[in-house]
> 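The structure that follows is given in the form of structure tokens.
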Amino acid sequence: MALFPFFKDDNKSSASVARERLKVIVAHERLQREQPEYFQAMQRDIMDVIKRYVDIDPEDVQIQLENEDNCSVLELNVTLPN
Amino acid sequence: MTLAQIIVVTSGKGGVGKTTTSAAVAMGLALQGKKTAVIDFDIGLRNLDIIMDCERRVVYDFVNVIQGEATLNQALIKDKRCENLFILAASQTKDKTALTEEGVEAVLAELAETFDYIVCDSPAGIELGAHMAMYFADIALVVTNPEVSSVRDSDRILGVLQSQSRRAKLGLDPIKEHLLITRYDPTRVGKGEMLSIEDVMDILGIPLIGVIPESESVLKASNSGQPVILDQKSDAGQAYADVIERFQGKDVAMRFTERKGFFQRVFG
Ligand SMILES: Nc1ncnc2c1ncn2[C@@H]1O[C@H](COP(=O)(O)OP(=O)(O)O)[C@@H](O)[C@H]1O
Ligand SMILES: [Mg+2]
């Protein structure tokens, strides 16, 4: 029995795990930097509202602001648990 | 009149090698005949003076000059090994808010009249001290370890340089950014335990100016207060010397980036 199933995947080197994590983190933070100042507070408020109805992990909620030609579109993507 | 180039040595994360790099780069430029001042922006936690072996010669510091309690000439410490090198120590006690934008600007402007380079050793973080160290920069050395949190913090600092520096605010040409990878261990990279040079470059997307290997010589250098670039027998010392060459536009191949071969392991 594997005691530590998290560390099972040995054929993936730890450097390549680091690389994949970093790519995601950095891409996410760069996006955030381009957001208006109120965005983070708004994000938290939206999260709070959703949490009032369903028990959800922050990872399952994606809130994005996309800049179009002459307006911005707020994109909300929520993966609800079954 | 010379008008100094202002270099910030920055990283976001602490303990990655900024002070080691500031000392090495300042000494390296001075040895090339460039009149160089190196300033410790780490208010309250000064240690550049120790790395430079002048801690007993600090009478006045950066904050004393900003607050008009000493002239720049009184506070600048002349290096005993190289006549072109001067050190401005950080204040040990005063609170950080002593660093004001106007105060820092006045000191840099006065230095800029007679120096070729001003090297600003940034504290960790993105708070006031780090902000002041990068704000007036023309050139940034972004010191990064091949490690997730260090690369992440370097990317954040790049964001700060690109949006909050004086050059960004005034819409001037952007700060020239150079990536300096430090504490690199080719053996661990070979084993797949450490991010490679390519990984770090790929994520940060700025040009590489050098790779400093993880080296025992750095601790030895700091023990004795000799910037490691003075130890030209050491790998780290030579790697820093290469950085100075590249900085001056010379095309020098990267060294100490490959796993040691059999012969090197036996005889190296
Ligand atoms: N290339 C290197 N090899 C080994 N140790 C290093 C190297 N660069 C820095 N260090 C060590 O790492 C620690 C932090 O270095 P320092 O230059 O003070 O970092 P920072 O100014 O970014 O906090 C010190 O103990 C230093 O001796
Ligand atoms: Mg330091």
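Only this structure's heavy atoms are used, side chains among them; waters, hydrogens and symmetry mates stay out. Proteins come first, then strands; the chains are lettered A, B, ... in the order of their sequence lines, and each starts at number 1.
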> Return the minimal non-hydrogen interatomic distance between A:Ser13 and B:Gly192, and the atom names on each side.
CB-O, 3.4 Å
> How about A:Glu20: does its CD atom have over 12 heavy atoms from other parts shown lying under 6.0 Å from it?
yes
> Inspect the surroundings of CG in A:Asp55 and state if more than 12 heavy atoms from other residues, nucleotides or ligands are less than 6.0 Å away.
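No, because the 6.0 Å sphere around CG of A:Asp55 holds 12 heavy atoms or fewer from other groups.
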> Counting only heavy atoms not in B:Lys233 (residues, nucleotides, ligands), do more than 12 fall under 6.0 Å from its NZ?
no
> Tell me, for A:Arg19 versus chain B, whether the close heavy atoms (under 4.5 Å) come from the side chain, the backbone, both or neither.
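A:Arg19 touches chain B through backbone and side-chain heavy atoms alike.
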> To the nearest 0.5 Å, what is the distance between CZ on B:Arg152 and NE2 on A:His28?
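Result: 10.5 Å between the selected atoms.
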> Does a sphere of radius 6.0 Å around CD1 in B:Ile126 hold more than 12 heavy atoms from other residues, nucleotides or ligands, not counting ones at 6.0 Å or beyond?
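Open.
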> With a 4.5 Å cut-off on heavy-atom pairs, point out which of B:Gly159, B:Ser196, B:Ser149 contacts chain A the most.
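Between B:Gly159, B:Ser196, B:Ser149, the count favours B:Gly159.
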> Measure distances from B:Arg188 to the heavy atoms of chain A and classify the residue's part below 4.5 Å as side chain, backbone, both or neither.
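Looking at B:Arg188, nothing touches chain A.
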> Are more than 12 heavy atoms from other residues, nucleotides or ligands located less than 6.0 Å from atom CD of B:Glu127?
no
> Specify which of B:Val151, B:Leu158, B:Val189, B:Val200 makes the most heavy-atom pairs with chain A at under 4.5 Å.
B:Val151
> Could you give the distance from CD (B:Gln162) to CZ (A:Arg33), rounded to the nearest 0.5 Å?
7.0 Å
> For the atom pair CE (B:Met194) and OG (A:Ser14), what is the distance rounded to the nearest 0.5 Å?
9.5 Å
> What pair of heavy atoms forms the shortest contact from B:Leu195 to A:Ala15, and how long is it?
CD2-O, 3.6 Å
> Within the structure provided, determine whether A:Leu22 and B:Asp155 are in side-chain contact (heavy-atom separation under 4.5 Å).
no
> Got A:Ile25 and B:Val148 here, is their nearest side-chain heavy-atom distance under 4.5 Å?
yes
> Looking at every non-hydrogen atom in both residues, tell me the closest pair between B:Asp202 and A:Lys23 and how far apart they are.
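It is OD2-CE, 3.7 Å.
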